[in-house]
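Below you'll find the structure, written out as structure tokens, and then a few comments.
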Amino acid sequence: MSTHFIELCKLCEQLEKEASRNLKVNIVVDFLRKISSEEVKFAVYFITGKFPSNLLTLNVGYSTIYQIIKKLSNISDNQYLTEYNKTGDMGETAKKIFEIYPPKTQKTFFEQPSTLTEVYEIFQKIAEFTGESSRVKKQRLIESFLSKITPLEVKYFIKNLIGEMRHGFSEGLMEEAVAKAFNVELEKVRLASMVTGDLGKVCEFLKIFGKDGIEKISLTVFQPIKPMLADLAKNPAEALIRHGGKTSFEFKLDGVRIQIHKKNSNVKIFSRRLKEVTEAFPEIVEKIKHEIKADSFVVEGEIIPTTKNGKPLPFQYIMRRYGRVKNLEKTIKNIATTLYLFDLLYLDGEVLIGKPFYERRKKLEEIAPNQMLTPQLITSNPVEAEKFFEEAIKNGHEGLVAKQLESAYTPGIRGKKWLKIKKVLETLDLVILAAEYGHGYRHDWLSDYYLAAKNLEVKPIFEKDYVSFADYVEKIHNDRFKVVGKTFKGLTDEEIKTLTGKLKNLILEKHGRAVILKPKIVVEVAYSEIQKSPLYSCGYALRFARIVRIREDKTIDEIDTTEKVKEIFEKQFKTTTSNFLER
DNA sequence: CATGTCTGCCCC
DNA sequence: ATTCTGC
DNA sequence: GCAGAATGGGCAGACATG
């Protein structure tokens with residue numbers, strides 16, 4: 001018996017309205033129990049809005065969907081904007097528009113509503129189009145499907161294309177629902193989901209084989225598992241307290257986190273999101289093959305970009321290696337990498353994720369050469385810990401990670417037994433030069449801010465006409481300010497609301513959902529690093545900018561300058577790699 | 001062929 | 001990635 | 001304390017367009 005997509009859409013509408021998590025879970029439990037084993041995995045994907053990685057790559061985003069909505073309903077940009085501004089949600093907007101301007105349909109009177117299987121097949125077909133004119137083909141297919149279904153189905157089809165459901169029911173709650181629907185312990189469902197990376201499959205498995213089968217699911221070589229995540233701590237002393245007085249500190253390296261699987265002479269490297277990236281790092285594959293004394297294993301570590309003598313380079317350099325296929329050999333010559341390992345999850349037939357961290361690390365030390373391990377210090381002494389932190393910074397790294405010695409390897413956000421401690425940079429005082437209305441629950445607020453520093457140079461640093469909105473904003477202000485970043489982070493909802501009111505009085509120009517402002521509001525901004533920017537005309541951008549507070553006491557004459565930004569940028573790498581960066 | 005736009009359970 | 005909010 | 005939502009800069013690749 002197949003389930004109709006419209007039933008699932010109605011369920012999502014209920015989830016959207018219901019605030020209580022327990023009730024949301026119950027609603028989904030009933031639904032999962034009703035569905036056939038053939039279709040239950042599709043329900044899991046469609047409700048959470050997420051397909052397992054490697055299963056489908058749609059290559060369809062906002063821009064394509066926007067064009068489709070416009071074409072089918074024949075509305076103007078302004079009409080779309082007016083409707084979108086009411087909710088801040090693309091799916092809901094399309095639903096409203098199609099209710100008023102229904103697409104011309106080729107629908108016959110005998111047509112049955114689409115089943116979950118049929119809808120999934122559409123997604124598969126969208127993913128399968130590649131090569132020349134594939135974008136048009138994708139677009140045509142979506143258009144023809146959207147013109148056959150109801151506005152409510154359009155809403156959730158679009159939400160699934162984008163992957164943003166906004167009904168407050170994501171993977172964590174889906175795991176709870178699956179556990180409850182099949183009377184299995186939550187931890188078992190989570191483990192199976194972590195190991196297979198496909199909660200839909202786990203659910204299908206439970207439906208067919210019942211709860212006994214799930215116990216057999218375990219870590220397997222070449223099947224990547226979700227990485228353990230870390231919480232934040234202010235300083236090493238805090239980490240010591242939270243870990244009960246004694247802990248293991250390691251350097252926190254600024255590169256990409258990877259999981260390496262090896263069996264006999266086969267090696268595969270997976271990203272944090274479990275994408276295979278083996279091809280980008282042939283030199284790492286060779287190292288793994290020759291320098292680790294074991295036949296089969298799963299290890300975890302970080303690959304950082306370095307000079308040939310192993311000095312850390314800025315994070316941006318590793319991105320030029322990541323996922324690269326073209327000119328790989330040439331790039332390898334210019335950007336070296338260094339691999340640091342920090343965990344061992346499986347070794348020669350034995351699954352180690354349930355073992356305490358100190359045991360996993362000890363086994364790792366037995367099979368891997370010392371220089372391939374992250375520098376580590378186990379201590380209960382806050383002074384020593386602080387020294388180790390300083391040493392990490394001095395060597396050009398991000399800070400430390402503290403790992404509780406007894407902790408098992410746990411997936412996802414849950415049970416954060418790891419704590420990261422990052423270096424803190426001096427904050428900048430910047431002016432808000434433009435802002436954008438947010439999306440979802442923030443659609444009514446100016447919640448995204450363009451941050452700018454004072455420009456003392458008479459001429460712009462780059463001679464070019466404006467190409468981006470940020471360039472245009474600078475031009476409006478005669479280059480008195482230079483945009484160095486954008487942020488939505490740091491303020492509470494109340495503060496955003498209040499600030500929106502103030503900013504509305506400062507609007508100079510409106511551009512769609514963006515506004516250009518009189519320079520008036522000064523904010524103190526924290527960030528993790530200053531990067532070279534190909535986007536902003538001043539050539540620099542703040543990484544992970546967030547507002548610390550609104551500086552009511554400061555005027556725009558007192559904000560920091562682009563010179564200061566440049567100075568901080570240069571100071572960052574002085575100790576390590578400044579020569580390399582000159583070009 | 002050069003340049004521009006869009007996309008990525010992208011990476012952080 | 002970071003941050004805030006509701007349960 | 002967890003789970004979810006809302007968003008940042010920058011990179012390469014794939015395809016579209018002129």
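The figures here come from the full heavy-atom set of this structure, side chains too, leaving out hydrogens, waters and symmetry mates. Naming: A, B, ... by sequence-line order, numbering from 1 per chain.
- Its glycosidic angle being more than 90° from 0, B:dC6 falls on the anti side.
- Note on A:Gly131: only backbone sugar-phosphate atoms sit closer than 4.0 angstrom, heavy atoms only; bases stay farther off.
- Dashed line: the shortest gap from a side-chain N or O of A:Arg324 to OP1 or OP2 of D:dA12 is under 4.0 Å.
- Residue A:Arg190 places at least one side-chain N or O closer than 4.0 Å to OP1 or OP2 of D:dA3.
- Note: A:Tyr80 and A:Tyr84 have parallel aromatic rings, judged against thresholds of 30 and 60 degrees for the angle between ring planes.
- The phosphate of B:dC11 has OP1 or OP2 within less than 4.0 Å of a side-chain N or O from A:Ser271.
- Looking only at distances, no side-chain donor or acceptor of A:Glu300 sits under 3.5 Å from a matching main-chain atom of A:Ile260.
- For C:dT2, the OP1/OP2 oxygens have no side-chain nitrogen or oxygen of A:Ser528 closer than 4.0 Å.
- Neither OP1 nor OP2 of C:dC4 sits under 4.0 Å from any side-chain N or O of A:Thr492.
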Which string of ( ) [ ] | and . matches DNA chain B, if you list each base 5' to 3' and count Watson-Crick or G-U pairs only when both distances are under 3.5 Å? ||||||||.|||

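- For A:Arg543 and A:Phe315, the positive end sits near the middle of the six-membered ring, less than 6.0 Å away and at most 45° from its axis.
- Side-chain nitrogen and oxygen atoms of A:Lys138 include none within less than 4.0 Å of the OP1 or OP2 phosphate oxygen of D:dC15.
- The shortest distance between the side-chain N/O atoms of A:Arg546 and the OP1/OP2 oxygens of C:dT3 is below 4.0 Å.
- Contact annotation: A:Thr57 side-chain N/O to B:dC9 OP1/OP2 distance is under 4.0 Å.
- Of the two residues near DNA chain B, A:Val60 and A:Ile258, the one whose nearest nucleotide lies more 5' is A:Val60.
- Salt-bridge formation is not detected for the pair A:Lys41/A:Asp198: no Lys NZ or Arg NE/NH1/NH2 atom is positioned less than 4.0 Å from an Asp or Glu carboxylate oxygen.
- Considering only side-chain N and O atoms, A:Lys486 lies under 4.0 angstrom from the phosphate OP1 or OP2 of D:dG8.
- Within the 4.0 Å cut-off from OP1 or OP2 of D:dC15, not a single side-chain nitrogen or oxygen of A:Ser133 is found.
- Of the side-chain N and O atoms in A:Tyr441, none sit less than 4.0 angstrom from OP1 or OP2 of D:dA6.
- When Watson-Crick and G-U wobble pairs are counted only if both distances are under 3.5 Å, D:dC2 pairs with C:dG6.
- Along DNA chain B, the nucleotide nearest to A:Thr64 and the one nearest to A:Arg273 differ in position, and the one closer to the 5' end is contacted by A:Thr64.
- Salt bridge status for A:Arg242 with A:Glu238: present, with a side-chain N to carboxylate O gap under 4.0 Å.
- By the 6.0 Å and 45° rule, A:Lys138 does not stack over the aromatic ring of A:Phe129.
- Using a 4.0 Å heavy-atom criterion, one finds that A:His443 contacts no nucleic acid atom at all.
- For A:Lys532 and A:Phe569, the positive end sits near the middle of the six-membered ring, less than 6.0 Å away and at most 45° from its axis.
- At least one side-chain nitrogen or oxygen of A:Arg320 sits closer than 4.0 Å to the OP1 or OP2 atom of D:dC11.
- Using a 4.0 Å heavy-atom cutoff across all strands shown, A:Leu56 reaches no nucleic acid atom at all.
- Here A:Lys420 reaches the OP1 or OP2 of C:dT2: one of its side-chain N or O atoms lies under 4.0 Å away.
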Sequence neighbours excluded and cut-off under 3.5 Å, please list the side-chain donor-acceptor pairs for residues 420-435 of chain A, or say none.
| unit_1 | atom_1 | unit_2 | atom_2 | d |
| --- | --- | --- | --- | --- |
| A:Lys422 | NZ | A:Glu398 | OE2 | 3.3 |
| A:Thr427 | OG1 | A:Glu524 | OE2 | 2.9 |
| A:Asp429 | OD2 | A:Lys554 | NZ | 2.8 |

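- Phosphate proximity of D:dC11 to A:Gln316: present, with a side-chain N or O under 4.0 Å from OP1 or OP2.
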